[in-house]
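Let me begin by presenting the structure, written as structure tokens, before commenting on it.
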Amino acid sequence: MIGDNATINPHVFLDFSGGLMIGKNVLISRNVTVFTHSHGYDPKSEARKMPLRIDDNVWVGANVIIGEAVSWIAAGSIIGTGSVVTRDITEKGIYAGVPASLKKSLPSATEVSKAGLSR
């Protein structure tokens, strides 16, 4: 399933074989690779489904790899260019690196509203 206003740029590989849900207003930049199945340590074994949910308003930078062990990317998160995501992203924030890690927490919509800030 792909949500409304989602943008998937050229040269993106999305593996739907394990189950993939992409939320609303998600931006997936060029050359991103997303895996949703695993063969474990035996490439000839039957593939095991590893579903992934990408919540609303996520921005995935160019050349990012999202591995099969990832099951959730939290709403409003940003994944920096060239990052390799190897585990769930459970908190809204900016993630980057190999493996990707939290570089900066981002305020929730409620916190932005309370502070009188715009998004």
Side-chain angles (χ1 to χ4, degrees):
M1 179 177 116
I2 300 175
D4 293 338
N5 298 316
T7 302
I8 300 170
N9 281 286
H11 310 291
V12 170
F13 173 78
L14 299 175
D15 170 14
F16 283 92
S17 68
L20 178 60
M21 293 179 56
I22 298 173
K24 294 181 277 186
N25 304 310
V26 170
L27 172 58
I28 300 177
S29 301
R30 296 178 63 91
N31 301 317
V32 169
T33 301
V34 177
F35 295 103
T36 63
H37 76 277
S38 175
H39 292 276
Y41 296 111
D42 181 0
K44 295 178 183 177
S45 68
E46 186 173 333
R48 184 169 48 118
K49 293 181 177 186
M50 310 281 288
L52 169 62
R53 183 179 87 224
I54 301 174
D55 283 347
D56 298 343
N57 303 306
V58 169
W59 176 13
V60 181
N63 301 306
V64 166
I65 298 171
I66 300 174
E68 69 277 355
V70 180
S71 64
W72 179 39
I73 297 177
S77 293
I78 300 169
I79 303 171
T81 299
S83 297
V84 177
V85 183
T86 59
R87 60 180 179 236
D88 289 357
I89 291 177
T90 60
E91 174 187 343
K92 179 181 178 183
I94 299 172
Y95 295 79
V98 179
S101 61
L102 180 64
K103 302 301 179 187
K104 180 178 181 181
S105 293
L106 295 174
S108 68
T110 304
E111 291 169 327
V112 169
S113 179
K114 285 181 182 176
L117 303 172
S118 63
R119 290 189 202 190

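Counting begins at 1 with the first residue of the sequence.
- Connection of V32 to V58 is established within a shared hydrophobic cluster, with ILVMFWY side chains joined at heavy-atom distances below 4.5 Å, either directly or through further cluster members.
- Taking both residues in full, the closest heavy atoms of G97 and S83 are given as N-OG, 3.1 Å, listed atom of the first, atom of the second, then distance.
- Linking ILVMFWY residues whenever their side-chain heavy atoms come closer than 4.5 Å, directly or via other members, places I79 and L20 in the same cluster.
- The shortest side-chain heavy-atom distance between T36 and P51 does not fall under the 4.5 Å cut-off.
- In this view, N25 and N5, N57 satisfy the side-chain contact (heavy atoms from CB on, under 4.5 Å) rule, not counting sequence neighbours.
- T86 and P99 make their closest contact through OG1-CB, 3.5 Å (heavy atoms, listed as atom of the first residue, atom of the second, distance).
- Qualifying side chain to side chain donor-acceptor pair (under 3.5 Å) partners for S29, counting only residues two or more places apart in sequence or in other chains: W59.
- For F13, the side-chain contact (heavy atoms from CB on, under 4.5 Å) test picks out D15, T33, F35, with sequence neighbours left out.
- Here M1 sits in one hydrophobic cluster together with M21; the rule is ILVMFWY side chains under 4.5 Å apart, joined directly or through other members.
- For the side-chain contact (heavy atoms from CB on, under 4.5 Å) test, residues two or more places apart in sequence or in another chain that qualify with I8 are I2, V12, L14, I22, I28.
- Annotation: the span from I78 atom CD1 to K92 atom NZ amounts to 8.5 Å, rounded to 0.5 Å.
- Taking the side chain to side chain donor-acceptor pair (under 3.5 Å) definition, one finds that S101 meets it with K103, sequence neighbours left out.
- Scanning for ring pair (Phe, Tyr, Trp, His ring centres under 6.0 Å) contacts around H39 gives H37, with sequence neighbours left out.
- S45 pairs by the side chain to side chain donor-acceptor pair (under 3.5 Å) definition with nothing, not counting sequence neighbours.
- Cluster membership check: V26 shares its hydrophobic cluster with Y95, using side-chain heavy-atom separations under 4.5 Å among Ile, Leu, Val, Met, Phe, Trp and Tyr.
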Ignoring hydrogens and angles, write down the donor-acceptor pairs under 3.5 Å from the side chains of residues 62-73, residues two or more places apart or on other chains.
residue: N63; atom: OD1; partner: N31; partner atom: ND2; Å: 3.4
residue: S71; atom: OG; partner: D88; partner atom: OD1; Å: 3.0
residue: S71; atom: OG; partner: D88; partner atom: OD2; Å: 2.9
residue: W72; atom: NE1; partner: D55; partner atom: OD2; Å: 2.7

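- Screening residues 26-51 for salt bridge (charged side-chain N to carboxylate O under 4.0 Å, His left out), with sequence neighbours left out, gives no hits.
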